[in-house]
Amino acid sequence: MGINDSANDNLTDDTTGQPSLRQSWENEMTHRIEVCPREQAHEQRPTKVIYQVYPSSFADNNGDGIGDIKGIASKLDYIKSLNVDAQWTSPFYPSAPGPEGDGGYAVDNYKDIDPKFGTLEDFKELLKQSHDKELLQYIDFVMCHSSSRHEWFVESKSGKDNPKSDWFVWHDGGVDENGNHIPPNNWKSVFGGDAWAFDDTREQWYLHHFLASQPSLNLNNPKVIDALIDEMRHWTELLADPQHTGNSADGVDGFRLDALPFANHDSEFRNNPWIAGEWPFVAEEWWNQRFEYSMCQDETIEVVAKLRAFLDSYDRHREALGEVIAGPEGGRDSIPVASSYVENDTGLNYCYTNALMGSEGYPNANDMRGTISYIEENFPDGGNCNTVSNHDFKRAWTRWVETLQDNVQDKAYRQLLTLYATIPGSLCIYQGDELGLPQAKLYEDIPEDSFKDPVFFSQGAEASRDGCRTPMPWKHDEKNAGFTTSDDPYLPIPDSHYDLAVDIQDSDPHSTLNFTRQMLEWRASQPALIQGHTIVVENNSNVLAFIRRSKEQTLLCLYNLSDQDQSFTPSKYLGDTLLAEIGVAKDEIIPIQAYGMAMKGQTPSKELSFLLPPDNETRKASNQPKAA
Ligand code: GLC
Ligand code: CA
């Protein structure tokens with residue numbers, strides 16, 4: 001099926017292509033959506049847009065092949081030009097260079113910068129410049145584990161009675177019939193194998209939810225939480241001068257909290273139940289356990305409350321964004337867990353979940369309706385954050401549109417970017433999402449001797465995250481696309497990324513980059529997207545329809561998630577108040593092109609005119625007739 005241009009003359013109304021379904025729905029439709037007066041509309045906490053930088057591959061300033069802090073500073077105007085509120089930088093702390101460093105997520109020292117990225121002075125400079133440009137800076141705080149090289153762990157493993165002996169999670173384990181040590185229980189590591197490693201010095205097992213080089217900090221111990229807060233204070237007060245210490249101190253604006261559901265564990269170390277099968281007939285994998293005891297513990301809500309109290313102790317607003325992509329059912333469904341971490345007075349500002357992360361393929365309207373309703377139910381006061389992609393998942397372009405025909409991919413990608421920016425929640429965009437970069441292919445784009453991600457070594461090529469961590473292409477006609485002058489870039493730049501480089505897209509008003517900029521500028525001007533609640537229209541068609549409503553604005557968002565032109569008749573679903581608020585007449589039928597979108601009720605200051613196909617002529621020209 002291709003796009004049928006003539007379908008405009010013959011609009012199919014709210015079709016699923018299954019008339020019987022439509023008729024049964026229409027028969028059931030007795031009520032249109034009625035609402036309270038808009039002054040009483042429920043508002044949620046304000047949302048933000050966050051741009052994620054992966055420091056190794058963003059911009060290399062000193063030509064050693066690795067991105068650095070000065071490189072980031074040189075691109076602040078670029079980041080700001082995307083119309084984002086904040087920047088989150090993945091870890092830049094001292095960390096082992098090889099796979100055991102987990103790309104910086106195994107932290108040797110929370111208070112410093114890895115020399116390969118620069119110095120604390122470089123970071124202070126970056127922070128000051130960001131503040132001058134009104135760009136918030138969040139740093140990545142890996143609080144659930146340190147690295148095995150961190151001095152806390154070195155001390156903790158030195159014996160059973162040192163002052164930090166209980167700062168990590170130690171256990172004697174058992175002994176089998178042959179006298180071999182066996183792990184304390186059945187907890188598994190996300191990266192494969194047991195979540196326990198035996199330490200010969202201390203002659204005990206220690207817990208690690210990821211690599212053995214990432215020992216779990218014991219957050220059941222209040223002293224450890226206090227110590228971590230001290231490390232955070234180093235950053236929140238980094239710019240403090242002697243006259244402005246304490247509450248009024250200046251420093252980073254917030255933290256992205258790594259792997260939050262892994263913070264606490266059952267102090268009795270009970271076995272997790274298996275989801276499918278009984279011992280010994282089970283797939284002994286992390287994803288097959290219900291994490292009743294190893295993670296997702298209620299104590300984490302108290303940890304979060306302490307962090308919030310710390311952030312609130314400052315006069316100037318400081319924030320935290322939790323990473324909550326692993327729920328209790330073998331990692332699935334993290335939404336209820338995340339929502340428990342964002343309670344109004346004691347929770348974090350927001351969390352990103354696995355609701356949409358990593359979703360494969362162009363979405364289906366019914367699934368989307370379900371997901372949006374589920375998000376809204378679980379975050380009635382806000383606090384959700386949607387993620388286009390990040391350093392752990394396949395790039396959005398490849399996941400969302402690669403299976404579609406070439407001539408609609410660009411349109412569909414822009415549609416989905418806008419969709420993610422209009423559903424309830426804040427938004428995280430990962431470097432390169434704004435360019436529509438496809439995932440780099442292992443072996444083809446990245447030779448095996450350059451592989452970096454430890455997950456490749458435990459779980460193979462499909463699981464490797466290197467394909468989304470290749471350097472940003474800045475200039476199409478320069479060596480390494482302008483990322484570095486070195487012959488040895490952090491990872492190679494795929495050939496296909498040169499034509500998508502920033503310089504080319506910058507000068508093309510119809511590029512994905514300029515689309516992203518305009519779309520985010522538009523988002524920022526729509527109060528209903530900043531704090532409105534959401535009403536999903538249950539129209540049972542390929543047109544995804546929902547209302548965002550705040551005290552100031554009502555916005556109807558329509559997405560045609562199909563390859564056929566469609567239409568939507570608001571008066572079939574929306575009561576008179578809503579119709580009046582969005583300025584739509586009773587007999588109005590809204591046509592929406594295949595992979596297109598439409599908005600009604602925009603604030604007049606910024607019309608979303610750029611959402612029309614970037615350039616109808618181009619689109620028609622490339623849309624050669626195809627077999628229907
Ligand atoms: C988070 C990070 C990921 C890292 C893991 C362990 O999920 O995003 O990159 O490997 O935590 O720290
Ligand atoms: Ca460098």
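Owing to the predicted nature of the structure, the values given are computational and were not obtained by experimental measurement. Nothing fancy with the numbering, it's 1 onward along the sequence. Order of listing sets the numbers, starting from 1, for every ligand and every atom in it.
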Considering the heavy atoms of [X], write down every atom of ligand 1 situated less than 4.0 Å from one of them.
X	value
H391	2 (C), 3 (C), 8 (O), 9 (O)
H145	6 (C), 12 (O)
F191	10 (O)

>> Tell me the contacting part of H209 for ligand 1: side chain, backbone, both, or neither, using a 4.0 Å heavy-atom threshold, strictly below.
In response: neither
> Using heavy atoms and a threshold below 4.0 Å, how should the contact between Y54 and ligand 1 be classified: side chain, backbone, both, or neither?
Replying inline: neither
>> If the cut-off is 3.0 Å, does any N/O/S atom of N61 fall short of it from the Ca ion (ligand 2)?
In response: no
Heavy atom of the protein closest to [atom] (residue, atom name, distance):
atom	result
atom 5 (C) of ligand 1	F210 CE2, 3.8 Å
atom 11 (O) of ligand 1	D258 OD1, 2.9 Å
atom 7 (O) of ligand 1	E323 OE2, 2.8 Å
atom 9 (O) of ligand 1	D392 OD1, 2.7 Å
atom 4 (C) of ligand 1	D102 OD2, 3.4 Å

>> Rounded to the nearest 10°, what angle sits at the Ca ion (ligand 2) between O of I66 and OD1 of D64?
In response: 90°
>> How large, to 10°, is the angle at the Ca ion (ligand 2) when you draw lines to OD2 on D68 and to OD1 on D60?
In response: 80°
Is the closest side-chain heavy-atom distance between [X] and [Y] below 4.5 Å?
X	Y	value
S294	L207	no
L136	K48	yes
T387	F393	no
S213	S147	no

> Would you call R465 a ligand 1 contact, heavy-atom distance under 4.0 Å?
Replying inline: yes
>> Heavy-atom contact check, 4.0 Å cutoff: does H208 meet ligand 1?
In response: no
> If you draw a 6.0 Å radius around NZ in K475, do more than 12 non-hydrogen atoms from other residues or ligands fall strictly inside?
Replying inline: no
[X]: which of [options] passes side chain to side chain contact (heavy atoms under 4.5 Å, CB included):
X	options	value
H209	P215, C144, S189, S216	S216
Y105	D392, L211, D140	D140
D112	N109, D114, D108	N109

> Any idea how W474 and F58 line up, ring-wise: parallel (<30°), tilted (30 to 60°), or perpendicular (>60°)?
Replying inline: perpendicular
> F153 vs W170 aromatic rings, parallel, tilted or perpendicular, using cut-offs 30° and 60°?
Replying inline: parallel
